[in-house]
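Beneath this line is the structure, given in structure tokens, with notes to follow.
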Amino acid sequence: MTLKQVIQGFTWIGIIGSLILAGAVTYEYFDSSSIYPNIVEIIAFCLILPGFAASYLVQAERLGRLGFIAFVVLTTGYIFCLGLNWSVAFVSPIYGDLGITNTVNATSPPYPLFQGMESSFLALNVGLLLYGIALLRSGIFAKWSGILFLLSIPAGLAPPIDDKNTYFFSAAMIWILLASWRHDPVKQMTRKVVRRLIATGLFGSIVKLIALTWLYVQPDSIGLHAAALIGSSLILLGLFALYITQANRLGRFGFIASIALITGAQLAFGINWCGTFIAPIHPELIPAEAVPEPANHIFPFIQGMAGSFIAFNAGLLLYGIALLRFGKHAKWAGILYLLSIIALLAPPMDDKWYYFFCASIVLTSLKAWHWSSAESAGFETEQHGEPDIGQQQTVPLP
């Protein structure tokens, strides 16, 4: 697949996800007792992220450093809020409504759940503010979407505190994605842009590995768990760049596998968010404790955890096969993806599989970094001399 085809595929997926999200939020106003709208919202969140990445990539060079920082902050806050929604869907049926309104209005807000909500919404709103400003400054085709991103901030803070800001966010996403469809990403996907995303994923992998290792010494440290969550969100950004650098080799199967992996990784993030901010209150929600003897009263959590793990394992399997079949320089990374599945399923059920997963990210990042900077790679060069990954369609990438 060419770069333009990949971006257009991500764009359509993001548009569909935005429409589903707006529809699920609307249905929830009529039937707030059912958990199914929340589950649909989680799926929609997972679909929107590839579209959001595509909307950034088609204007990455134009948005500059501020746009990159805003994109990283907004994506981190977005993924954290996805984790919160995961908990609302699968934990609220057990312990009562964990939604924003009930938690904020509680006489004694439960620690650390309240802190998790605070940090998630703070990162999301700061990201919306920065990204909205970056879009307004770029002044090309996304000014109205920037305004809608900015309007979603007061909509989320204005009483009553509910999901009405979702309409502004969904409208902004649809607007910017429709505009992105018409633009060629070739001139924006420079070596510098790809390297920034690769470095972000590489940094996230290092943070994740350090935090996980130190958690064996201090397993109850919420700060270390939060650092591991931040590392996971940064890894997702790196996954986009790593896939794009080899999209032409991986083909349609690789495209499907990348969507499956990114979706499964987001669902797995929901489990980790719950383990960080809710499990200290309810230790039975720790996966290692919940799986051996699942009690009936936590059955919704077991369902959510099982579905998320199945989705993530399917993504790891498909992407690992894609790398083994088509990735000339990334076969070891494919093997590590497959080994992470075995480590995930092998008892005891903990985070040891992340070592294989992060090792594959590091290995692929080093290969992608080398190929994006190699003079012999055959990349076309723009007039200012900056090699452009998007123009390369015939040279095998890792």
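Only a predicted model underlies this, so the values are computations on that prediction, with no experimental measurement involved.
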Assess whether side-chain contact (heavy atoms from CB on, under 4.5 Å) is satisfied between Phe277 and Leu84, documenting all intermediate values.
CA-CA 9 Å; Phe277 298 115; Leu84 170 60; over 6 Å; no

Is any side-chain heavy atom of Leu128 closer than 4.5 Å to one of Leu150?
no

Should we count OH of Tyr36 as having more than 12 external heavy atoms under 6.0 Å?
no

Is it the case that atom CZ in Phe203 sees more than 12 heavy atoms from other parts of the structure closer than 6.0 Å?
no

For Gly320 versus Leu338, what's the shortest heavy-atom pair and its separation?
CA-CD2, 4.3 Å

Around Phe30, counting heavy atoms of other residues, nucleotides and ligands shown, do more than 12 lie under 6.0 Å from its CZ?
no

Hey, any chance Leu21 and Tyr27 share a hydrophobic cluster, counting ILVMFWY side chains that come within less than 4.5 Å of each other, even indirectly?
no

Check step by step if ring pair (Phe, Tyr, Trp, His ring centres under 6.0 Å) holds for Tyr131 and Phe52.
CA-CA 11 Å; Tyr131 202 64; Phe52 181 53; 5.2 Å; yes

Residues that Phe169 engages under ring-ring contact (aromatic ring centres under 6.0 Å, His included), provided they are two or more places apart:
Tyr78, Phe149

Considering residues at least two apart in sequence or located in another chain, which fulfil the ring-ring contact (aromatic ring centres under 6.0 Å, His included) criterion with Phe312?
Trp353, Phe357

On a heavy-atom basis, the closest approach of Trp86 and Ile42 is CA-CD1, 3.5 Å

In terms of hydrophobic clusters joined by side-chain contacts under 4.5 Å, are Leu74 and Leu157 together?
yes

Who passes ring-ring contact (aromatic ring centres under 6.0 Å, His included) against Trp214, sequence neighbours left out?
none

Quick one: does any side-chain atom of His225 pair with a main-chain N or O of Pro219 as donor and acceptor, under 3.5 Å?
yes

Smallest separation among heavy atoms of Ile174 and Ser18, with atom names
CG1-CB, 3.6 Å

Taking all heavy atoms of Arg62 and all of Val58, pick out the closest pair and write down the distance.
NH1-O, 4.4 Å

Hey, quick one: are Ile361 and Ile206 part of the same hydrophobic cluster, counting side-chain heavy atoms closer than 4.5 Å, chains of contacts allowed?
no

Counterpart residues, ring-ring contact (aromatic ring centres under 6.0 Å, His included), relative to Phe255 (two or more places apart):
Phe10

Without placing hydrogens or testing angles, list every side-chain donor-acceptor pair under 3.5 Å for residues 227-235, not counting sequence neighbours.
unit_1: Ser232; atom_1: OG; unit_2: Lys208; atom_2: NZ; d: 2.8
unit_1: Ser232; atom_1: OG; unit_2: Ala228; atom_2: O; d: 3.1
unit_1: Ser233; atom_1: OG; unit_2: Ile230; atom_2: O; d: 2.7

Applying side-chain hydrogen bond (donor to acceptor under 3.5 Å, both in side chains), can you list everything that pairs with Ser258, at least two apart in sequence or on another chain?
none

Less than 6.0 angstrom separating the ring centers of Phe80 and Phe121, yes or no?
no

Quick one: do Ile310 and Ile262 end up in the same hydrophobic cluster if we chain Ile, Leu, Val, Met, Phe, Trp and Tyr together by side-chain heavy atoms under 4.5 Å apart?
no

Between Ile210 and Leu202, is there shared hydrophobic-cluster membership here, with clusters defined by ILVMFWY side-chain heavy atoms closer than 4.5 Å?
no

Mind checking whether Tyr167 and Thr26 have side chains closer than 4.5 Å, heavy atoms only?
yes

Less than 6.0 Å separating the ring centroids of Tyr56 and Phe240?
no

